[in-house]
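Reading through the structure tokens given below for one structure.
Just so it is clear: chains get the letters A, B, ... in the order the sequence lines come, proteins before strands, and each one is counted from 1.
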There are 2 protein chains.
Amino acid sequence: MVPTDLRRASLNTATVKHATLAEACEVAAATGFGAVGPWRDRVQEVGAAGAARIIADAGLVASSLCRGGFLTARDDGGIAAALDENARAFEEAATIGAPELIFVVGGLPAMSAPGAGPRRDAEPADRDLVAARARVADRLADLVPIARDHGVRIVLEPLHPLFAADRAVISTLGQALDLAEPFAPEEVGVVVDTYHVWWDPALREQIERAGRARRIASYQVCDWILPLAAEPLNSRGHVGDGYIDFATVSGWVCDAGYTGYVETEIFNEEIWSAPPEATAATVLSRYENHVHPHLDGGPARGL
Amino acid sequence: MVPTDLRRASLNTATVKHATLAEACEVAAATGFGAVGPWRDRVQEVGAAGAARIIADAGLVASSLCRGGFLTARDDGGIAAALDENARAFEEAATIGAPELIFVVGGLPAMSAPGAGPRRDAEPADRDLVAARARVADRLADLVPIARDHGVRIVLEPLHPLFAADRAVISTLGQALDLAEPFAPEEVGVVVDTYHVWWDPALREQIERAGRARRIASYQVCDWILPLAAEPLNSRGHVGDGYIDFATVSGWVCDAGYTGYVETEIFNEEIWSAPPEATAATVLSRYENHVHPHLDGGPARGL
């Protein structure tokens with residue numbers, strides 16, 4: 001007895017980190033999700049063709065593939081490696097039927113030779129953010145034709161400024177849209193991930209802009225909770241447990257015309273240690289209560 | 001034998017957290033700083049008039065007073081308390097001769113009655129960021145006439161988005177400038193604190209805008225280091241130890257016409273446990289090597 005059609009909800013496999021792709025799909029389908037958002041490690045374990053069968057056999061679709069990117073290398077070897085790795089990821093996305101590959105663009109380039117201590121290991125090869133961002137734009141120009149050949153859209157994910165040094169030199173939706181602008185909307189889109197963008201004073205206008213440009217490729221949800229975890233990367237909470245105003249942000253995303261899947265992607269040691277069935281049930285119930293009513297109040301459109 | 005005039009450097013007393021104001025001033029003067037940026041707790045320990053004497057006797061000036069603000073309360077009691085507290089802070093600033101009071105504007109309003117666990121304690125009374133920001137604007141309108149009567153400028157400090165939930169709903173320099181715009185430049189300024197704004201893709205243009213509007217009231221420096229400390233608030237590093245490109249940002253601040261003091265404000269348990277003399281020497285040397293050459297290459301102007 002599912003009161004509303006919640007098949008617009010997608011379970012990102014990182015939320016049930018310890019489940020195989022088959023286990024994650026089984027749980028997602030049994031709980032009532034319409035899609036999964038797989039990570040590449042779980043796809044590679046069974047091969048892309050095998051992953052495609054697992055997802056289809058569960059009656060699901062892949063809402064996206066996580067993830068490509070890491071485009072800030074300065075040296076020829078690093079640049080070539082990034083292009084190769086992303087080409088493989090496009091192929092996997094195409095094989096599993098994921099229309100989009102999420103890109104985390106990378107942080108300041110790391111030292112090639114790590115130093116003595118943990119802090120020195122993290123020392124950047126250079127601190128030139130402006131140049132690192134320019135290299136992201138150059139790599140996008142390299143990769144768009146390859147993605148197009150695979151029928152896959154590149155989706156830029158701005159990450160919270162907390163991760164600007166070591167993970168993504170793109171921190172705002174506006175910045176992602178600026179980088180996407182030279183390309184067609186079906187070539188480069190953006191993801192609105194509440195965890196990363198909720199604080200942005202320009203969020204409403206940039207979501208509107210993304211909608212007008214037909215570039216909203218994914219809406220991802222999880223909550224900002226405090227205190228931060230010892231590993232800040234794994235500090236995300238279930239929707240409703242933290243500070244984010246999901247009614248408002250979901251309403252903006254809806255008003256911008258987004259009708260696609262809503263992925264819940266949570267990195268959190270405590271949630272990872274829970275049984276996948278329990279996590280999936282909580283995720284879907286939070287989606288139903290905090291997100292779904294503010295999207296369009298009804299069943300999925302155009303999926 | 002000080003090779004260049006480094007008296008443009010100011011030692012924020014939070015950087016030598018365990019020193020009294022007298023100890024901090026003695027160390028700052030002996031090291032070669034031209035100013036200190038005191039926190040209110042250290043001023044209140046000796047009274048504002050006493051603090052004024054201590055600073056003057058050391059041959060220093062107060063470059064600013066930290067800090068006022070915390071303006072996001074929703075209830076009448078909380079609003080009245082914020083106005084009273086800030087009025088006291090203006091009076092202290094005027095008494096110690098600090099031309100500016102730094103404002104940290106506050107996070108989402110806290111629950112009035114704390115709940116069971118640490119996470120519940122942090123739960124916001126509401127999650128309406130847009131409304132919280134509007135209340136900041138309302139309180140600024142209340143406080144500007146009071147600050148003017150004291151001859152003190154309110155200085156808005158955007159905080160890193162890491163602190164948007166619990167400490168400051170102003171996260172970017174652009175947002176601070178928008179809030180300042182209804183008021184005269186001598187009434188409301190902004191501080192450029194590298195730790196908080198280094199990641200901002202709009203940083204260069206917003207520093208230029210702040211300069212054109214004659215609103216840059218303070219330039220504060222410290223570095224973004226990784227991994228984050230267990231208490232992220234105390235995760236700042238000495239200039240040069242982390243990811244921030246001080247040459248570039250200092251050049252932008254210089255080009256925007258800023259000729260005032262440069263405060264080093266570091267929250268870091270390890271640095272706090274070092275002798276104040278050693279910390280002050282490191283701070284001044286890092287200022288000399290990483291910041292001063294990119295400001296105007298010469299002695300302080302107009303101080």
Side-chain angles (χ1 to χ4, degrees), chain A residues 107-108 118-124 126-133 158-172 174-176 178-179 196-204 223-233 235 237 240-249 290, chain B residues 107-108 118-124 126-133 158-172 174-176 178-179 196-204 223-233 235 237 240-249 290:
Chain A
L108 287 170
R119 184 164 298 166
R120 191 144 295 278
D121 283 347
E123 191 172 321
D126 71 52
R127 296 169 174 81
D128 191 341
L129 260 182
V130 176
R133 288 164 177 158
L159 256 55
H160 193 286
L162 172 56
F163 305 113
D166 56 343
R167 212 162 282 270
V169 295
I170 299 183
S171 305
T172 68
Q175 198 185 359
D178 288 346
L179 276 164
H196 294 305
V197 300
W198 72 277
W199 58 271
D200 184 353
L203 186 57
R204 181 180 193 160
D223 215 337
W224 179 269
I225 57 172
L226 291 177
L228 288 189
E231 167 51 68
L233 194 63
S235 201
D241 281 352
Y243 290 85
I244 297 178
D245 181 352
F246 286 96
T248 297
V249 179
H290 295 278
Chain B
L108 287 169
R119 184 163 299 166
R120 190 143 297 277
D121 282 346
E123 191 172 320
D126 71 52
R127 294 168 175 81
D128 191 341
L129 261 182
V130 176
R133 289 164 176 158
L159 257 54
H160 194 285
L162 173 56
F163 305 112
D166 57 343
R167 211 163 282 270
V169 295
I170 299 183
S171 305
T172 67
Q175 197 185 0
D178 288 346
L179 275 164
H196 294 304
V197 301
W198 73 278
W199 58 270
D200 184 354
L203 185 57
R204 179 180 194 159
D223 215 336
W224 179 269
I225 57 172
L226 292 176
L228 288 190
E231 166 52 68
L233 193 62
S235 201
D241 281 351
Y243 290 85
I244 297 179
D245 182 351
F246 287 96
T248 297
V249 179
H290 295 278

Proximal component of B/P232, with respect to chain A [non-hydrogen, under 4.5 Å]: side chain
Go through the atoms of B/D126 and report whether side chain, backbone, both or neither lie under 4.5 Å from a heavy atom of chain A. neither
With only heavy atoms counted, which part of [X] is less than 4.5 Å from chain B, the side chain, the backbone, both or neither?
| X | value |
| --- | --- |
| A/L162 | both |
| A/T248 | neither |
| A/R204 | neither |
| A/A230 | neither |
| A/L203 | neither |
| A/P201 | both |
| A/D178 | neither |

Please tell me if the side chains of A/T172 and B/T172 come closer than 4.5 Å, counting only heavy atoms from C-beta onward. no
With respect to chain B, which residue among A/G237, A/A247, A/A164 yields the maximal number of heavy-atom pairs within a distance under 4.5 Å? A/A164
Can you tell me how far the [atom1] atom of [X] sits from the [atom2] atom of [Y], to the nearest 0.5 Å?
| X | Y | atom1 | atom2 | value |
| --- | --- | --- | --- | --- |
| B/W198 | A/L129 | CH2 | CG | 5.0 Å |
| B/W224 | A/D166 | CH2 | CG | 9.0 Å |
| B/L226 | A/F163 | CG | CZ | 10.0 Å |

Between A/R127 and B/F246, is there a donor-acceptor pair closer than 3.5 Å when you use the side chain of the first and the backbone of the second? no
Measure across B/D128 and A/D245 and return the closest heavy-atom pair with its distance rounded to 0.1 Å. CA-OD2, 4.0 Å
